[in-house]
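Note sheet for the following structure.
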Amino acid sequence: MKRITGTYFRVPDFTGLAAFYADLLGMKIIEEKPDCIAFSFDKSQNSLVFQKADVTDYCAGPNDFYWKVGITLQNLDEAVNYLQKNGQSINDPYQFRDIGYMTKITDPKGFSIELLQQGFEGNERVLDHNSLASGHVIADQATLAHITLRVSDLVTARHYFEGELGMRLMSIQSVNDRGFCLYFYSWNGEALPDPDLTAVANREWLWQRPYSLIELQHWEGLATQLSKTPVNQAGFDGFSFGDEATCVANRVSLPEILEIFMIS
């Protein structure tokens, strides 16, 4: 089975990244070179790969093609309490409709991270702090679970992820009154709890998967104009995926995706 192995970012320097991802979130540094540093909760999961480049600081925009990464947790309140006690500016979690119990945090380079509980509000798992494998309240319950991209041309997006990459559509989650719909993809062949891709019954199950998903936020308005982060600015730089049997990795570069989606 294929899985996402890396999420890539270009940054001007690595200042603050180890303190945030390794010390605060409890990720392991799985690679460290003068021009690259990579973090992961576990080598079997997706990793965050930061590559040094001659770029300015990142500046997120509301119409950007790239939006965020997501981390799922068994007990979000415990994680948020820990982050707040460690001086992080983070809002209390809230239940967003029938999608998930969530909040967001921003890393030292300005990249957004969604923290999403694996169960809806009230369905958290009680953590036994005495049995945490590494003793870290986030690392021992977390999965690097989502890469979220915004798209306006759903036909092209579905052809690319389903037809070209061979990914499987696992869930469709509509938020019509806000003008968007969410589509979640992976290569996994697991049977869904409910075969209806729009079923709410699939969502908590989906947030509990031990692998990363591609999340597409489809903007349904015909006049929507998405934009790319300038190449001379820090930003998302693509993702890699590999076959667990052969360990062969494939890199999907950002320019390749932008060309396919005709985003300028």
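Basis for what follows: all heavy atoms, side chains included, without hydrogens, waters or symmetry-related copies.
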Within the distance-only criterion (no hydrogens, no angle test), does the side chain of [X] pair as donor or acceptor with the backbone N or O of [Y] below 3.5 angstrom?
X      : Y      : result
His136 : Gln141 : no
Lys2   : Asp243 : no
Ser47  : Thr5   : yes
Asn46  : Gly6   : yes
Thr198 : Ile172 : no
Arg3   : Trp187 : no
Asn202 : Asp196 : yes

* More than 12 heavy atoms of other residues, nucleotides or ligands under 6.0 Å from CZ of Arg125: is that the case? ->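 No, not enclosed.
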
* Asked: Taking atom CD of Glu259 as the centre, does the number of heavy atoms from other residues, nucleotides or ligands within less than 6.0 Å exceed 12?
  ->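 No, not enclosed.
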
Within the 3.5 Å criterion, strictly below it, is a donor on [X] or [Y] matched to an acceptor on the partner's side chain?
X      : Y      : answer
Gln84  : Asp92  : yes
Asn188 : Ser186 : no
Tyr101 : Asn123 : no
Gln88  : Tyr82  : no

* Could you list the residues that satisfy salt bridge (charged side-chain N to carboxylate O under 4.0 Å, His left out) with Asp98, not counting sequence neighbours? =>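 For Asp98, the residues satisfying salt bridge (charged side-chain N to carboxylate O under 4.0 Å, His left out) (neighbours in sequence not counted) are Arg203.
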
* Asked: Arg209: what forms a salt bridge (charged side-chain N to carboxylate O under 4.0 Å, His left out) with it, not counting sequence neighbours?
  ->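 Expected list: Glu190.
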
Which class fits the ring pair [X] and [Y]: parallel under 30°, tilted 30 to 60°, perpendicular over 60°?
X      : Y      : answer
Phe236 : Tyr66  : parallel
Trp207 : Phe184 : perpendicular
Phe241 : Phe239 : tilted

* Asked: So which heavy atom on Arg150 is nearest to which on Gly61, and how close?
  ->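 Of all heavy-atom pairs spanning Arg150 and Gly61, the closest is NH1-O, 3.7 Å.
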
* Asked: How far apart are the closest heavy atoms of Arg97 and Arg178, and which atoms are they?
  ->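 Reported closest heavy-atom pair: NH2-NE, 3.3 Å.
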
* **Lys/Arg-Asp/Glu bridge criterion (N-O < 4.0 Å) met for Glu215, Lys68** =>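 Lys68 and Glu215: salt-bridged.
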
